[in-house]
Amino acid sequence: MPRAVTGRIRPIDGSVIPVTTISTLSVDCGGGGIKASVLDAEGAIVSRAVRTPTPYPLPPTKLVETIAGLAEQLPGADRATVGMPGMIRHGVVIATPHYITRDGPRSRILPDLVEQWARFDMGAAISGRLGIPSLILNDAEVAGCGVVTGHGHEMIVTLGTGLGNAVFDNGVLAPHVEVSQGPVRWGLSYDDYIGEHERLRLGDAHWSRRVRRVVDALRPMYMWDRLYLGGGNSRRITAFQLNRIGDDVVVVPNEAGMTGGARCWDMAGA
């Protein structure tokens, strides 16, 4: 039997749409690019994906308009999911590391952007601009929703511009911990230690060894049943390091950052 849609995703006219017909605009906001597509109720992509480079400097209103511009190129949807870097609580941006900079990751931080982004209600802004209910999460949380089995203690670590992470307990998303900002060594954060900048500097072999070290460091902290490695750079981990990284670790496609946009409405308690 189709489950009745909750009030959170009830259309503006007050009618109720069966869950089996719900479509989701899924937006994946990264440090280098923003992409969007429309998913069916099962999370399958039903439209072509559209993408644009992440524009900098990027105040909140510009990101909202960028997302709206992508949405205009796609079929209409009943709700929107936006995954973005940083600490997001109940749709409100607590901190976002890349979007407060002048030219993108590793460039100069602009104090006015720090002020504009702090406590910005992205959920209200997206809902108001698109006219549909929205769910705003950390981008790794959305990716995790696309790959976890829903059984046991599962974690995802995404490797791209920086490091993203999310934890799930029997399919329920746990409160976010911004592992990327934790210190590793030499005064570096996890973002610095295995981000794209370091991969380009070190080469895949040396960088892959760092990834394995990070996995080894996180394992006794989280004691997962399964760890998923996702993001665009997960495919760059060398076979040699993958063979040493452990049977409890699985590499997953980068597309999860998009396809998780439908499933996360249940996992995040929306």
Taking the side chain as every heavy atom from C-beta outward, state whether [X] and [Y] have any atom pair closer than 4.5 Å.
| X | Y | answer |
| --- | --- | --- |
| V50 | R48 | yes |
| V249 | L229 | yes |
| T52 | T66 | yes |
| P183 | L188 | no |
| L137 | L173 | yes |
| C29 | V82 | yes |
| I34 | L70 | yes |
| P105 | D191 | no |

Whether over 12 other heavy atoms sit under 6.0 Å from R226 CZ: no
Nearest 0.5 Å, please: how far is [atom2] in [Y] from [atom1] in [X]?
| X | Y | atom1 | atom2 | value |
| --- | --- | --- | --- | --- |
| T158 | D28 | OG1 | CG | 9.0 Å |
| R213 | I245 | CZ | CD1 | 12.5 Å |
| T238 | N243 | OG1 | CG | 8.5 Å |
| I100 | Y56 | CD1 | OH | 10.5 Å |

Please name the pair of heavy atoms, one in [X] and one in [Y], separated by the smallest distance, quoted to 0.1 Å.
| X | Y | answer |
| --- | --- | --- |
| A71 | L130 | CB-CD2, 4.2 Å |
| A217 | P220 | O-CD, 3.5 Å |
| P97 | G86 | CD-CA, 3.7 Å |
| G43 | T259 | O-CB, 3.7 Å |
| R102 | S107 | N-OG, 3.5 Å |
| G261 | S26 | CA-OG, 3.6 Å |

Audit row: M84, I136, side-chain contact (heavy atoms from CB on, under 4.5 Å) steps and yes/no: CA-CA 8 Å; M84 59 179 289; I136 317 298; 4.2 Å; yes
Joint cluster assignment, [X] & [Y], ILVMFWY side-chain distance < 4.5 Å:
| X | Y | value |
| --- | --- | --- |
| W186 | V211 | yes |
| M258 | I67 | no |
| F240 | V250 | no |
| L135 | V147 | yes |
| V142 | M155 | no |

From CA spacing to verdict: side-chain hydrogen bond (donor to acceptor under 3.5 Å, both in side chains), T24, R79: CA-CA 5 Å; T24 305; R79 62 190 184 184; 2.8 Å; yes
Side chain of [X], backbone of [Y]: donor and acceptor closer than 3.5 Å?
| X | Y | result |
| --- | --- | --- |
| S127 | A124 | no |
| T54 | G33 | yes |
| N254 | G232 | yes |
| D40 | A44 | yes |

C264 vs D266, side-chain contact (heavy atoms from CB on, under 4.5 Å): CA-CA, chis, key distance, verdict: CA-CA 5 Å; C264 63; D266 290 325; over 6 Å; no
With sequence neighbours excluded, residues passing side-chain contact (heavy atoms from CB on, under 4.5 Å) with N138: A140, E141, H176, E178
Note: R219-D248 ion pair, threshold 4.0 Å (strictly below):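 So R219 pairs with D248 through a salt bridge.
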Carboxylate-amine/guanidinium contact E42 R263, below 4.0 Å: no
Intermediate values then yes/no, side-chain contact (heavy atoms from CB on, under 4.5 Å), W207 and N233: CA-CA 10 Å; W207 173 83; N233 279 346; 3.8 Å; yes
Residues clustered with M223, ILVMFWY side-chain links under 4.5 angstrom: none
For residues 163-171, please give each side-chain donor-acceptor pair under 3.5 Å, one per line with the distance, not counting sequence neighbours.
residue : atom : partner : partner atom : Å
N165    : OD1  : V179    : N            : 3.2
N165    : ND2  : V177    : O            : 2.7
N170    : OD1  : G152    : N            : 2.8

Pair I156-L227, side-chain contact (heavy atoms from CB on, under 4.5 Å): steps then yes or no: CA-CA 6 Å; I156 185 169; L227 171 69; 5.8 Å; no
Qualifying residue for side-chain contact (heavy atoms from CB on, under 4.5 Å) with M122, from V92, V64, T96: V64
Single hit among L74, L39, V38 for side-chain contact (heavy atoms from CB on, under 4.5 Å) with V46: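 With V46 as partner, L74, L39, V38 yield a single side-chain contact (heavy atoms from CB on, under 4.5 Å), made by V38.
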Any side-chain donor near an acceptor of the partner, T81 and W265, under 3.5 Å: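 Yes, because at least one side-chain N or O of T81 sits under 3.5 Å from a partner of the opposite role on W265.
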S37-S47 side chain donor-acceptor pair, cut-off 3.5 Å: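 Yes, a side-chain donor-acceptor pair sits under 3.5 Å.
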Determine all donor-acceptor pairs shorter than 3.5 Å in which one atom belongs to a side chain in residues 111-120; sequence neighbours excluded.
residue : atom : partner : partner atom : Å
W117    : NE1  : L58     : O            : 2.9
W117    : NE1  : Y99     : O            : 3.2

Name of the residue among Y228, W224, Y222 meeting side-chain hydrogen bond (donor to acceptor under 3.5 Å, both in side chains) with E154: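 Of the listed residues Y228, W224, Y222, the side-chain hydrogen bond (donor to acceptor under 3.5 Å, both in side chains) partner of E154 is Y228.
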Sequence neighbours excluded, every pair satisfying salt bridge (Lys or Arg N to Asp or Glu O under 4.0 Å) that has a member inside residues 195-212: E196-R199, E198-R201, E198-R210, R199-D204, R212-D216
Non-neighbouring partners of R106 that pass salt bridge (charged side-chain N to carboxylate O under 4.0 Å, His left out), sequence neighbours left out: D192
